[in-house]
**Student:** 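Sharing a structure below in structure tokens format, with a few things to ask.
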Amino acid sequence: MNPDYYKDEHYRTIIHVDLDCFYAQVEVMKNPELKNVPFGVQQKNIVVTSNYLAREFGIRKCMLLSDAKQMCPNLVLVNGEDLNDYRSMSYKVTSLLQKYSNSVERLGLDENFIDVANLVDEKLQDNTFQVHSVGNIFGNIETLCQCGCEVRLKVASLIAEEMRKLIYEELGLTSCAGIAHNKLLAKIVCSKHKPNQQTVIFPNSALELMLSLNSVENIPGIGKATSEALRTINIRTIQDLQNIAISELNKLFDSEKAKFLQNLSYGIDKSLVKRSGKPLSIGLEDSCKLISAEKEVKEKLTELLKRLLILVEADGRIPKTIKLTVRKFDKLTKTSRRETRQSNINPHLFTSGKVALMNSGNVDKILITLMGLFRKIVQVRRPFHITLLGLSFNKFNERPDIRRSLALFLRKDLEVQSITSIENLNSNDSSPESAAPSPSSYRESSDQECEPTPKRTKLNMFKRNLMEYDKCESPCKLRVQDLQLNSEKHDNNQNISCPPSVDESVFKELPLDVQHELWSEYKRTRNELVNFGNRAKRVKGNTLLNYFVKK
DNA sequence: AAGCCCCAG
DNA sequence: CATTCTGGGGCTT
């Protein structure tokens, strides 16, 4: 038996929410007449998903159009090649779920993991609260674990029901939920009762749930390549993976991966719910039958680029690199493979809003780089065959507007530009001399309702200013307004890392997006330090971080 | 940092 | 088997 099995801890409480046939639900909202007919969502030659009426005919994910039509001659089809509507609805769902926890991880467009530890603790503080569960329970409940996970999971089942109700009431979408002490089990158990239902699993039934998958390729995290590798040493079933000597797995995978895989087979998953933020890349791709002419390539790229620029504009950030993806078809081997090339782009093309973005001259400039990238992949002087073109923007800077307005604000309203005594900024600090001057322009009639003792401190004003920013409509703002979006990876995914040069107590008081901004700025300057050694200036220029460094 | 591969829905 | 249209992450160079 895997030694980790006896050490598995159940202190976490995780909900997995999965929207029912998501694309199909969005299409019904766009066209309610679809509600009572079997229909599928089509991309090129493929039915990528279908409603439940169609599934009764045997329609399955990624079925060929011709096969689907044979099974269900009356199948109605809607085109789903443009993901915009699905994507925007998806982010609305994530935004709703973020009301329950700051730790929400997106998976694809239709799934979210939520770590509800804090909410569960809150609910358990209330002694009048009668603990019970709602929804389906997977497995037996005769020998439940006594570590305390039972009540947490039951409470989480109530939270999951609230979440699903909210998603239905606010957005009209039905969903399923799985509740467990780790992500793996939450995800698997979620699919045990569908659609529009939820299921909780207690740790004592973890093995039963894993065995119900039958084969290793059904374990989330084990894909085609891994299961093929496992097959070479005759591992097919869950039990095979449980019982194989770890030394055998080490012949195929490094020891960390080997351990990870075997743990999965026991339903053990230590991975944390990662806070999802703004996407790290924004891309579009279009597959096609065959392209063999450079002119055609340029036309396709133009169309893709124009669509992509609209998405990037809506995102609000400034992209730094662009990547071209080409799928080459080899007529001899009858196989295709993807090749990519990327290059930096001139940020000036994006700095002055929509006009600059859609300016045809700028589009042309980007197109020239793209065709340059294309010729790196394809010898255009020789015959070539392309079956897919893709574009994506990959690295981003926040738009400078935010930082500039903050810096301006600070310079205007603070006598000193750098904050030397950080504690004085804390609104909980009651020492009288710490109060900052309060310009009358920031007095508001609604003051009394804001905070118990709304002290006019610099930090309060700083936060207020940000709230004002949040309220305003601006073309550079995200379409997904409420989302807590971060574009950085952090050492600790519960809290945002505090740059060592900044006082942590102040850092924690700052709004999340400012924390992100400070951290990413610190990382940039740190990288410069690495590159240039001691001669580099610590923090240079008129940066946000500069206002918060301890002196 | 660039490009490939693997994972997911 | 992959097929669509994405997006994240890890490995190698």
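We name chains A, B, ... by the order of the sequence lines, and we start the count at 1 in each one.
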**Student:** Quick check for you: among dT6(C), dA2(B), dC5(C), whose closest atom lies nearest to any side-chain atom of S287(A)?
**Tutor:** dC5(C)
**Student:** Given dA1(B), dT6(C), dC11(C), identify the nucleotide with an atom nearest to the side chain of K395(A).
**Tutor:** dA1(B)
**Student:** When we call it a touch if two heavy atoms are under 4.0 Å apart, what does T226(A) touch: a base, just sugar-phosphate, or nothing?
**Tutor:** sugar-phosphate
**Student:** Over how many whole Å does the gap from L308(A) atom CG to dT6(C) atom C1' extend?
**Tutor:** 12 Å
**Student:** How long is the line joining CZ of F113(A) and C1' of dC7(B), in whole Å?
**Tutor:** 13 Å
**Student:** Considering every strand and a 4.0 Å limit on heavy-atom distances, what is the contact class for Q42(A): base, sugar-phosphate, or nothing?
**Tutor:** nothing
**Student:** Pick base, sugar-phosphate or nothing for L388(A), based on heavy-atom distances below 4.0 Å to the nucleic acid.
**Tutor:** nothing
**Student:** Please give, in whole Å, the distance from dC7(B) P to E105(A) CD?
**Tutor:** 17 Å
**Student:** So which nucleotide from dG8(C), dT6(C), dA2(B) ends up closest to the side chain of P279(A)?
**Tutor:** dG8(C)
**Student:** Could you check how far CG of L107(A) sits from P of dG7(C), rounded to whole Å?
**Tutor:** 14 Å
**Student:** Would D330(A) and H385(A) count as having a side-chain donor-acceptor pair, cut-off 3.5 Å?
**Tutor:** no
**Student:** Of all the choices, dT6(C), dG9(B), dT3(C), which nucleotide is nearest to the side chain of Y23(A) once you look at every atom?
**Tutor:** dG9(B)
**Student:** Closest-nucleotide mapping onto DNA chain C: is G283(A) or N45(A) further toward the 5' terminus? I mean the 5' end.
**Tutor:** N45(A)
**Student:** Answer yes if the side chains of T387(A) and R327(A) hold a donor-acceptor pair under 3.5 Å, and no otherwise.
**Tutor:** yes
**Student:** Which of these nucleotides, dG9(B), dA2(B), dC4(B), is closest to any side-chain atom of Q342(A)?
**Tutor:** dA2(B)
**Student:** Which nucleotide in the list dC4(B), dC5(C), dT3(C) gets nearest to the side chain of K44(A)?
**Tutor:** dC5(C)
**Student:** Base, sugar-phosphate alone, or nothing: which one does G221(A) contact when heavy atoms must sit under 4.0 Å apart?
**Tutor:** sugar-phosphate
**Student:** Ignoring the backbone of A225(A), work out which of dT4(C), dG3(B), dC7(B) is nearest its side chain.
**Tutor:** dC7(B)
**Student:** Side chain of K187(A) only, heavy atoms from C-beta on: which candidate in dA8(B), dT4(C), dC11(C) is closest?
**Tutor:** dA8(B)
**Student:** dC4(B), dT4(C), dG7(C): which one has an atom nearest the side-chain heavy atoms of Q43(A)?
**Tutor:** dT4(C)
**Student:** With rounding to the closest Å, how many angstrom separate the P atoms on dC6(B) and dC1(C)?
**Tutor:** 14 Å
**Student:** For R87(A), answer base if it contacts any base atom (sugar-phosphate contacts may also be present), sugar-phosphate if it contacts only those atoms, and nothing otherwise; contact means non-hydrogen atoms under 4.0 Å.
**Tutor:** sugar-phosphate
**Student:** Send over the distance from D286(A) CG to dT6(C) C1', rounded to a whole Å.
**Tutor:** 12 Å
**Student:** How close or far is atom C1' of dT4(C) from atom CZ of R60(A), stated in whole angstroms?
**Tutor:** 19 Å
**Student:** Without hydrogens or angle criteria, can the side chains of S101(A) and D115(A) be said to hold a donor-acceptor pair below 3.5 Å?
**Tutor:** no
**Student:** Does a donor on one side chain sit under 3.5 Å from an acceptor on the other, for N84(A) and R307(A)?
**Tutor:** no
**Student:** Applying a 4.0 Å non-hydrogen cut-off, can you work out what L304(A) is touching in the nucleic acid: base, sugar-phosphate, or nothing?
**Tutor:** nothing
**Student:** Between the side chains of N263(A) and N2(A), is a donor N or O closer than 3.5 angstrom to an acceptor N or O?
**Tutor:** yes
**Student:** Can you tell me which nucleotide in dC1(C), dG9(B), dG8(C) comes closest to the side chain of D110(A)?
**Tutor:** dG9(B)
**Student:** Nearest-nucleotide wise, let me know which of D254(A) and C288(A) is further upstream toward the 5' end of DNA chain C.
**Tutor:** C288(A)
**Student:** Closer than 4.0 Å, any side-chain N/O of R106(A) to the OP1 or OP2 of dG9(B)?
**Tutor:** no
**Student:** For residues 13-24 of chain A, which residue pairs pass the side-chain hydrogen bond (donor to acceptor under 3.5 Å, both in side chains) check, not counting sequence neighbours?
**Tutor:** H16(A)-E111(A), D20(A)-T174(A)
**Student:** At 4.0 Å (heavy atoms only), tell me whether I46(A) reaches a base, stays on the sugar-phosphate, or touches nothing.
**Tutor:** base
**Student:** For the residue pair Y86(A) and Q25(A), confirm or rule out a side-chain donor-acceptor distance under 3.5 Å.
**Tutor:** no
